[in-house]
Amino acid sequence: MIKGGDVLEAVSKIDVVLFDKTGTLTLGKPEVGAVRAFSGFSADDVLRLAASAEKGSEHPLARAIVKAAEEKGIIFESLTDFKAYPGRGVLGRVGGEEIVLGSEKMLASAGIEIDSAAARSYLSDGNTIVYLGAGGKFAGLIAISDVIRPEAEETILRLKMMGVKPIMLTGDNPAAARAVARTVGIDDVYAGIMPDEKTEVVKRLQAKGLKTAMVGDGINDAPALAQSDIGIAFGRATDIAVESAAIVLVRNNLLDVVNAIELSARTLGNIKENLFWAFFYNALGIPIAAGLLHAFGGPLLNPMIAALAMSFSSVSVVLNALRLRRYKPRAIEKRNS
Ligand code: ADP
Ligand code: MG
């Protein structure tokens with residue numbers, strides 16, 4: 001869904017497309033894989049404490065943890081003093097124990113040292129790791145994987161072929177981000193950045209005179225979507241993102257980013273052709289009707305021919321515009337998403 005003609009015109013001038021990772025390049029339906037426990041906790045403890053702390057959070061990672069705990073039949077504990085830090089994690093008190101959950105940064109800011117050697121192998125597989133601190137100690141980690149969208153690789157390739165630079169922006173850790181970037185073919189990655197830093201990256205690119213489009217699902221990236229020249233949101237994105245975006249991917253398909261740019265370029269080309277056809281008959285007909293040829297012994301223009309030429313210019317403009325209906329958007333085979 002393209003919100004207006006000015007948007008359609010602007011899209012073909014885009015230099016860079018910024019992609020959020022979670023929920024944009026990936027399906028945003030993360031699943032819990034490995035759960036590892038440290039400091040005398042059990043794996044079930046880790047899942048129970050983490051799920052209890054995430055009960056109140058809307059983050060996709062939180063929902064994955066809660067779902068995994070529910071599937072295991074784990075009984076949740078009461079949560080108090082809950083606080084969410086966007087782009088980092090959550091804090092809370094579960095069954096009297098002080099819980100910190102989230103990225104490496106989140107635990108570092110709580111003064112908890114993680115076992116980074118244990119995390120390394122999960123990270124290189126592109127997993128997102130959620131670390132758990134309990135009572136001031138490193139209690140465990142949860143490796144969470146998210147499936148990359150099947151059309152992501154083709155989308156990136158087509159953008160590069162059009163001369164548009166794809167960039168990834170993510171709050172996730174650099175190792176996981178790079179693994180996903182490598183798979184889809186993105187060379188420029190900004191990882192481990194906070195939501196407001198995503199906006200800064202957009203501003204910096206704009207300051208260089210580059211026209212930017214940002215694609216996101218609105219979870220933590222709504223400000224960057226609004227800052228970019230063209231905000232592109234998924235149809236199932238948060239309301240604020242859909243509201244502020246210039247283009248909404250109602251089919252929830254990344255290839256529609258490519259389609260929008262192609263359609264925009266064709267529409268602009270069509271407008272220019274139509275300007276030509278609108279003026280061509282007139283530029284020819286009016287001087288003849290005014291007696292240009294007659295002055296040199298040639299004919300005058302019959303008014304009927306003038307009327308015909310007038311109609312022809314309208315007909316050719318309309319017919320030329322209708323050719324755009326034959327434009328076939330690129331698609332991949334239908335899936336449930
Ligand atoms: P992205 O930019 O890829 O959409 P976010 O900005 O939402 O990611 O989150 C960045 C990182 O912060 C996550 O990869 C995770 O490590 C951590 N994080 C944020 N919120 C939570 C949460 N509720 N539970 C656990 N970890 C979280
Ligand atoms: Mg996101």
Side-chain angles (χ1 to χ4, degrees), residues 18-33 35 46-47 49-69 79 82-92 94 99-110 112 114 116 119 122-123 126-134 139-149 152 167-181 184 186 189-202 214-225 233-234 237-238 241:
L18 301 148
F19 291 91
D20 169 51
K21 178 173 79 74
T22 317
T24 299
L25 288 170
T26 68
L27 285 172
K29 287 182 199 146
E31 299 264 348
V32 168
V35 178
V46 171
L47 205 51
L49 292 170
S52 305
E54 295 278 33
K55 195 79 209 211
S57 170
E58 301 232 300
H59 201 276
L61 294 176
R63 274 179 292 174
I65 293 172
V66 169
K67 188 169 140 252
L79 167 69
F82 174 79
K83 198 162 187 305
Y85 294 85
R88 279 172 180 243
V90 296
L91 272 185
V94 174
I99 298 296
V100 196
L101 194 69
S103 65
E104 209 172 325
K105 265 190 206 156
M106 183 74 193
L107 268 79
S109 62
I112 298 172
I114 59 154
S116 37
Y122 302 112
L123 284 172
N127 287 297
T128 299
I129 309 248
V130 173
Y131 299 94
L132 172 72
L141 62 84
I142 302 174
I144 299 178
S145 62
D146 193 356
V147 178
I148 294 173
R149 281 181 190 276
I167 298 178
M168 181 198 281
L169 291 183
T170 178
D172 204 352
N173 71 78
R178 265 199 302 273
V180 174
V184 300
I186 293 182
V189 181
Y190 293 84
I193 58 175
M194 298 290 113
D196 55 326
E197 291 173 313
K198 290 187 180 179
T199 318
E200 282 309 312
V201 173
V202 176
M214 161 98 199
V215 193
D217 61 357
I219 299 173
N220 292 339
D221 48 32
L225 281 174
F234 278 98
T238 55

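As the structure lists them, so they are numbered: ligands from 1, and atoms in each ligand from 1. Bear in mind the structure is a predicted one, so any value in this text is a computation, not a measurement.
- Neither the backbone nor the side chain of I65 has any atom closer than 4.0 Å to an atom of ligand 1 (non-hydrogen atoms only).
- Close approach of ligand 1 to S57 is summarised as follows: ligand atoms under 4.0 Å from at least one heavy atom of the residue are 23 (N).
- Listed by number with element, the atoms of ligand 1 under 4.0 angstrom from any heavy atom of V90 are 23 (N).
- Within ligand 1, counting atoms from 1 as listed, the ones closer than 4.0 Å to a heavy atom of T170 are 1 (P), 2 (O), 3 (O).
- The G102 neighbourhood of ligand 1 comprises atoms 25 (C), 26 (N), with distances under 4.0 Å to a heavy atom of that residue.
- Side-chain contact between E58 and R63 is absent, with no heavy atoms from C-beta onward closer than 4.5 Å.
- Of all atoms in ligand 1, numbered sequentially from 1 with element shown, those under 4.0 Å from a heavy atom of D172 are 10 (C), 14 (O).
- Between I193 and ligand 1, not a single N/O pair is under 3.5 Å apart.
- For the pair K21 and T128, the minimum side-chain heavy-atom distance is below 4.5 Å.
- Annotation: cation-pi pair R149/F234 present, NZ/CZ under 6.0 Å from the ring centroid and within 45° of its normal.
- Residue contacts with ligand 1: R88 is placed with a nitrogen or oxygen under 3.5 Å of a nitrogen or oxygen of the ligand (distance criterion only).
- Looking at N173 next to ligand 1, no N or O pair under 3.5 Å apart turns up.
- Against a heavy-atom cut-off of under 4.0 Å, T128 is close to the following atoms of ligand 1: 14 (O).
- Close approach to D20 involves these atoms of ligand 1, each under 4.0 Å from a residue heavy atom: 1 (P), 2 (O), 3 (O), 4 (O).
- Polar contact with ligand 1: present for G87 (N/O pair, distance under 3.5 Å).
- Comparing K21, K198, E54, H59 by heavy-atom distance to atom 25 (C) of ligand 1, the nearest is E54.
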Take F19 and I186 through the side-chain contact (heavy atoms from CB on, under 4.5 Å) test and state the conclusion after the steps. CA-CA 10 Å; F19 291 91; I186 293 182; 4.2 Å; yes
